[in-house]
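Heads up: the structure comes next, in structure tokens.
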2 protein chains.
Amino acid sequence: MDRADSPSGARRRGPAPEYSLARIADAAVALADAEGLGAVTMRAVAADLGTGPASLYRYVGNRDELVEAMIDRVHGELDHRGVPSGDWRADMLALARGNRVLYLRHPWLLDTVESATHSGPNAIAYLERALGALSVVDADPTAKFEAIGVLNALVVMLTRSETATASDAATALLHARFAEAAADGAHPHLAAALTDRSPDQTPEDRFERIVLRVLDGLIAPRA
Amino acid sequence: MDRADSPSGARRRGPAPEYSLARIADAAVALADAEGLGAVTMRAVAADLGTGPASLYRYVGNRDELVEAMIDRVHGELDHRGVPSGDWRADMLALARGNRVLYLRHPWLLDTVESATHSGPNAIAYLERALGALSVVDADPTAKFEAIGVLNALVVMLTRSETATASDAATALLHARFAEAAADGAHPHLAAALTDRSPDQTPEDRFERIVLRVLDGLIAPRA
DNA sequence: CTCAACTGCGAACAATGATCGCAATAACAG
DNA sequence: CTGTTATTGCGATCATTGTTCGCAGTTGAG
């Protein structure tokens with residue numbers, strides 16, 4: 001019942017595995033990048049590899065495991081060397097920036113946050129980096145875990161709002177509903193806020209400003 | 001192609017609708033509360049109402065619309081009167097607290113954050129309240145929207161971690177992987193952080209402390 | 001050479017979201 | 001009162017998807 005592919009030292013019996021978890025995950029990632037996570041069906045991935053869906057189950061227990069493999073695979077794209085630099089603020093900002101570009105490059109990652117916990121090797125390596133960055137801070141580990149978690153949630157939220165373009169149907173609907181609510185007289189503050197648009201700020205600036213502020217709030221002087 | 005149920009003034013022709021969006025949403029909410037969002041299939045909801053799946057489509061365009069109705073329905077459980085009180089910090093904390101209990105009562109809401117945007121009437125009413133609370137703050141509307149969004153993301157994340165009990169399979173797996181990584185020698189900071197457990201703090205305290213800190217960081221003195 | 005372990009995968013199954021069409025019903029027009 | 005029409009309830013049915021079964025083919029071990 002074990003998986004094909006797994007590096008169990010010596011070559012086992014039977015034919016050598018024709019595919020690999022990495023190849024399958026790559027195909028799935030390509031599909032998700034192009035058409036969203038919903039397009040990642042076992043059939044579609046298998047078809048892209050030129051085989052049938054059943055073959056994939058030699059490498060993956062189920063679809064969730066495939067998604068997990070995808071997640072960890074793209075997490076490997078990040079290069080966080082030099083992150084425990086001593087300046088924890090800069091370090092955390094760098095980690096956040098890295099996650100941001102990762103989410104922008106693979107927007108489907110934003111859809112996996114709530115279903116699958118990112119706990120693959122690369123995600124754990126990331127956590128190790130973050131803890132390393134915070135090792136110079138005098139706070140108890142629980143607070144550090146919290147800070148990392150909050151930071152990640154923040155990055156997800158910010159990137160999600162960055163990804164929501166007006167061309168998107170859901171976003172258009174949202175705006176329409178806002179406008180409607182603002183016009184019905186029962187939502188004065190909303191109406192005011194919508195008319196009083198304050199403008200252009202690059203996404204990057206917005207991102208860094210908010211991340212830094214939250215960081216400062218989180219790791220405030222001990223009470 | 002219009003929906004049954006919708007209050008189009010005078011009674012229309014044909015038989016009076018036997019169900020209603022509200023009743024259907026209630027049944028679905030009950031199902032989700034008991035067995036999770038995955039248990040909310042058209043068939044299951046219909047069966048709970050004593051009918052077939054096709055009937056629901058007179059009241060709902062598709063499953064996503066049903067989930068949206070569920071979301072807005074439970075958002076109506078919150079009573080946020082007295083929230084624009086003048087003390088914006090207290091107001092925002094109260095709103096956050098309200099959302100927290102809502103998420104704890106209906107954990108499946110945490111699974112809807114990324115798929116469906118919460119933009120029903122009750123969600124918009126919530127937004128209006130929050131904007132009202134922040135109306136006494138001198139900041140541009142964009143920043144206020146951001147603050148509200150960040151606050152919500154924060155509440156979601158904190159409540160999610162509160163919901164993840166050790167009895168949960170996913171959480172158990174996560175802890176196992178952490179322990180494994182901590183033991184392999186390549187993750188010293190993780191190992192240190194895991195052994196150095198700092199203890200007991202009520203979830204409520206944790207929640208309020210973090211929310212207040214982030215709020216203070218967000219609405220920091222203008223730069 | 002034989003056997004056992006292993007892989008690839010076509011065929012099939014169950015569950016689910018969704019559609020179609022028709023019978024039943026009730027307001028409306030005359 | 002009758003015929004028309006808009007509307008509802010819903011059984012039957014379809015397409016899609018995740019997943020399993022079983023078997024043929026392959027390869028190393030004894």
* Asked: Can you tell me if D33(B) uses its side chain to pair, donor with acceptor, with the backbone of H106(B) under 3.5 Å?
  -> no
* To do: State which of dT19(D), dT25(C), dG17(C) makes the closest approach to the side chain of N62(A).
  => dT19(D)
* Among dT25(C), dG10(C), dT17(D), which is the nearest nucleotide to the side chain of A54(A)? -> dG10(C)
Do the side-chain N or O atoms of [X] get closer than 4.0 angstrom to the phosphate oxygens (OP1, OP2) of [N]?
X: S55(A); N: dC9(C); result: yes
X: Y59(B); N: dG9(D); result: yes
X: R58(A); N: dG8(C); result: no

Please report the distance, rounded to the nearest Å, between [atom1] in [X] and [atom2] in [N].
X: Y57(B); N: dC14(D); atom1: OH; atom2: C1'; value: 13 Å
X: L56(A); N: dT19(D); atom1: CG; atom2: P; value: 11 Å
X: E65(B); N: dA18(C); atom1: CD; atom2: C1'; value: 13 Å
X: R43(A); N: dA15(D); atom1: CZ; atom2: C1'; value: 10 Å
X: R13(B); N: dT5(D); atom1: CZ; atom2: C1'; value: 5 Å
X: M42(B); N: dG9(D); atom1: CE; atom2: P; value: 14 Å

* Report the secondary structure of DNA chain D in dot-bracket form, marking unpaired bases with a dot and bases paired to a different strand with |, and treating Watson-Crick or G-U pairs with both distances under 3.5 Å as paired. => ||||||||||||||||||||||||||||||
* Parallel, tilted or perpendicular: ring planes of F178(B) versus F145(A), cut at 30 and 60 degrees -> parallel
* Could you go through the salt bridge (charged side-chain N to carboxylate O under 4.0 Å, His left out) check for R177(B) and E68(A) one step at a time? => CA-CA 14 Å; R177(B) 285 189 181 167; E68(A) 224 184 307; 2.6 Å; yes
* **Strand contacts (DNA chain C) in residues 18-25 of chain A, 4.0 angstrom heavy-atom criterion** => E18(A), Y19(A)
Please report the shortest heavy-atom distance between [X] and [Y], naming the atom on each side.
X: L174(A); Y: S119(B); value: CD1-CB, 3.2 Å
X: E146(B); Y: I210(A); value: OE1-CD1, 3.3 Å
X: M70(A); Y: A25(A); value: CG-O, 4.1 Å
X: M42(A); Y: L56(A); value: O-CD1, 3.4 Å

* Asked: Contact class for T51(B) (heavy atom, under 4.0 Å): base, sugar-phosphate, or nothing?
  -> sugar-phosphate
* Measure from NZ or CZ of R58(B) to the centre of the six-membered ring of Y19(B), then state whether that distance is under 6.0 Å and the direction lies within 45° of the axis. => no
* Distance-only donor-acceptor check, side chains S161(A) and R206(A), under 3.5 Å -> yes
